[in-house]
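Ligands are counted one by one from 1 in listed order, and the atoms in each one are counted from 1 as well.
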Amino acid sequence: MPVPFALPPNTSQETFARFLAEVSQVVGDENITVVEKVEELRDGSYLDQPRTHDPHHIVDQDYFMASAVVCPRSVPDIQAIVHTANEFKIPLWPTSIGRNTGYGGAAPRLRGSVVLDLGRHLNRVLEVNVDGAYAVLEPGVTFADLYQYLVDNGLSDKLWIDVPDLGGGSVLGNTIERGVGYTPYGGKSDHWMMHCGMEVVLPNGELMRTGMGALPKKPGKPDGPLHEDPGNDCWQLFPYGFGPYNDGIFSQGNLGIVTKMGMWLMPNPGGFQSYLITIPREEDLHQAVDIIRPLRLQMVLQNVPTIRHILMDAGCLGTKAHYTSTKGPLDDAEIDAIAKRLNLGRWNFYGALYGPEPARKALWGIIKEAFSAIPGAKFYFPEDIKEKSVLHIRHKTLQGIPTFDELAWVDWVPNGAHLFFSPISKVTGDDAMLQYSVTKKRVREAGLDFIGTFTVGLREMHHIVCIVFDRTDAESKRKAHWLIKTLIDDCAAYGWGEYRTHLALMDQIAGTYNWNNNILMRFNETIKNTLDPKGIIAPGKNGVWPSTYPRSMYKL
Ligand code: ADP
């Protein structure tokens, strides 16, 4: 057996070899890759991403590193691997597609964990139900795959999907991480709200179905294997079933490996029109957000719109060097010049109207009138802009057509890599301006340009600050790491917390959610230690460490 460069903690080479030998009996050698040499780590690209480590590393490339990558072929394979991992006390890190870009890729929080690449083989669309407007998916179905499935099966004029900015991630993986989307089914704030029913392999290897899935479709023993048992007819229609609602503990959690998930799809609304409203001055953000709040709450703004900083749009259309020879952070005059050159505002609001034409017209009238209160605001439909523009990209995203164009802003600097800092903000002008100015100040101190966007849920905004750094430059990485650590503490002092984060920051952020002597973490740890006494599923995920791997030993 090859020897991994990074063994799991407290594990001898011999124990690991015995573990792998048993796993090999389950999945075959062809589904096991041992990570033997650091020199062989490749950062790859978005479409060809490694499962071994984080390609956007802000600490040493080999810090968040797998010992081996295993690709189970079926749910029983996963169950068998979980049994074996318990026997040898080997930590597993489940991933679906493993892109998780800006948050750590497929890499494990605990160095030497075995990464489970579920997406290689478990990648079927199990069902699309038109009457119920839902799909049942395995972990390896990407947004692009699901979209293509609807097209190939002549269903895309009936049902729409909801996509994030990039279409290559797993629908299931993104949903359990509570990622956002931009159609009306982007959720009141995220995809999680639109899932319905799950199947999960528990840390002891048992298979569980949540919600209505716990009620057998027909009484008695299943005819075939458990994981192929047809689900209850209402499994994807009513999320809760009966009794305590457990799905939440599997989202951003480490209590199970999710093997199936129901997703609600959006019935074709009968018409669509995307639009852009350019907002000229930096300080107009205040007025814009106060205009947006009531419209969004009333659902006059039907989808999850975004208020994007000019440099995010500029980054989609060119590198920094394309616009300027300035190396350090751009000043206001330079940013204004870029906005002028692109015919955009300092902030740019992308939304869409859904429904038959008379409905869209009525909504557009209200929206236009409200935004006209901002002096100099301008209104565009995609057909009004001839050159390549972000509106043309958003036009697709806002109707659930996957794209890959938003990758471009990562190349704002040479050898670009990125990290997301994602605090939640109230939908008020005061809060948005304060959060913007607090984050922008620190971004400049780190010598970087502020690139960011506010995605507007019904009652909050996910403020996504994109920290772009040069992955080949140790100083650039150090600054990016300093920046995000500092921002977490700055924001916590204002009572702001993040919705999701990179591996390197999980403990720090979990530590800010510390009301009443950390009762939330103590509760999570109690569940973790009870359900997973050997701590084999994703130790350290989102700051939840099992007692077998004490947090203090794995501090960064
Ligand atoms: P994506 O490719 O959509 O970005 P990933 O597959 O990388 O998503 O998943 C993101 C994170 O979600 C993983 O790092 C892991 O922590 C968790 N995760 C993904 N899939 C599963 C799963 N099937 N079961 C449990 N946790 C998962």
Side-chain angles (χ1 to χ4, degrees), residues 44 46-56 64 66 69-72 74-75 77-79 81-82 91-110 113-123 137-146 161-181 190-192 195 198-203 207-208 210 227 247-261 263 402 404 406-407 418 420 500-504 506 531-532 536-544:
Y46 180 78
L47 290 175
D48 175 26
Q49 210 168 297
R51 306 292 193 274
T52 46
H53 69 288
D54 176 15
H56 297 258
F64 296 115
V69 180
V70 173
C71 307
S74 64
V75 175
D77 275 9
I78 298 173
Q79 293 177 277
I81 295 167
V82 166
L92 304 173
W93 184 268
T95 64
S96 287
I97 289 292
R99 290 220 158 86
N100 203 24
T101 184
Y103 294 113
R109 171 64 183 86
L110 179 69
S113 299
V114 171
V115 166
L116 293 187
D117 175 2
L118 307 179
R120 165 95 70 92
H121 300 296
L122 286 101
N123 51 19
L137 306 172
E138 290 190 327
V141 179
T142 66
F143 291 94
D145 294 337
L146 181 56
I161 69 169
D162 185 274
V163 290
D165 293 300
L166 297 170
S170 154
V171 180
L172 185 155
N174 183 277
T175 301
I176 50 181
E177 284 294 282
R178 307 199 287 260
V180 297
D190 57 51
H191 285 138
W192 179 250
H195 95 284
M198 304 162 86
E199 180 185 88
V200 189
V201 174
L202 296 177
L207 196 61
M208 181 167 93
T210 66
H227 67 286
D247 287 36
I249 59 172
F250 300 107
S251 85
Q252 293 194 5
N254 52 8
L255 297 170
I257 300 176
V258 183
T259 49
K260 293 183 181 69
M261 183 182 273
M263 276 312 287
F404 295 90
E406 299 266 350
L407 275 173
H418 75 290
F420 287 122
R500 181 182 181 186
T501 198
H502 183 278
L503 300 167
M506 287 177 173
L531 291 184
D532 187 6
I536 59 149
I537 308 279
K541 169 82 183 166
N542 279 46
V544 181

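Judged purely by atom type and a 3.5 angstrom limit, N254 uses its side chain to pair as donor or acceptor with the backbone of V544.
Between W192 and H195, the angle of the ring planes stays under 30°, which puts this pair in the parallel group of the 30/60° scheme.
Short contacts between ligand 1 and L172, defined as distances under 4.0 Å to a heavy atom of the residue, involve ligand atoms 23 (N). For ligand 1, the atoms sitting less than 4.0 Å from at least one non-hydrogen atom of S170 are 1 (P), 2 (O), 3 (O), numbered in the order shown with element in parentheses. Near L118, meaning under 4.0 Å from one of its heavy atoms, ligand 1 places the atoms 23 (N).
At the top of the distance list for atom 13 (C) of ligand 1, counting protein heavy atoms only, stands P94 O, 3.8 Å.
In terms of N/O distances under 3.5 Å, ligand 1 is approached by N100.
One option in I97, V258, I176 has a heavy atom closer to atom 26 (N) of ligand 1 than any other, and that option is I176. Taking all heavy atoms of F143, W93, F250 into account, the minimum distance to atom 14 (O) of ligand 1 is reached by W93. With E177, R99, R109 as candidates, the residue nearest to atom 11 (C) of ligand 1 on a non-hydrogen basis is E177.
When the options E138, H227, E199 are evaluated for a side-chain hydrogen bond (donor to acceptor under 3.5 Å, both in side chains) with K260, the one that passes is E199.
Proximity of G256 to ligand 1 is established by a heavy-atom distance of less than 4.0 Å. In this structure, A106 falls outside the shell of residues with a heavy atom less than 4.0 angstrom from ligand 1.
Side-chain contact, Q252 with R178: a donor N or O sits under 3.5 Å from an acceptor N or O.
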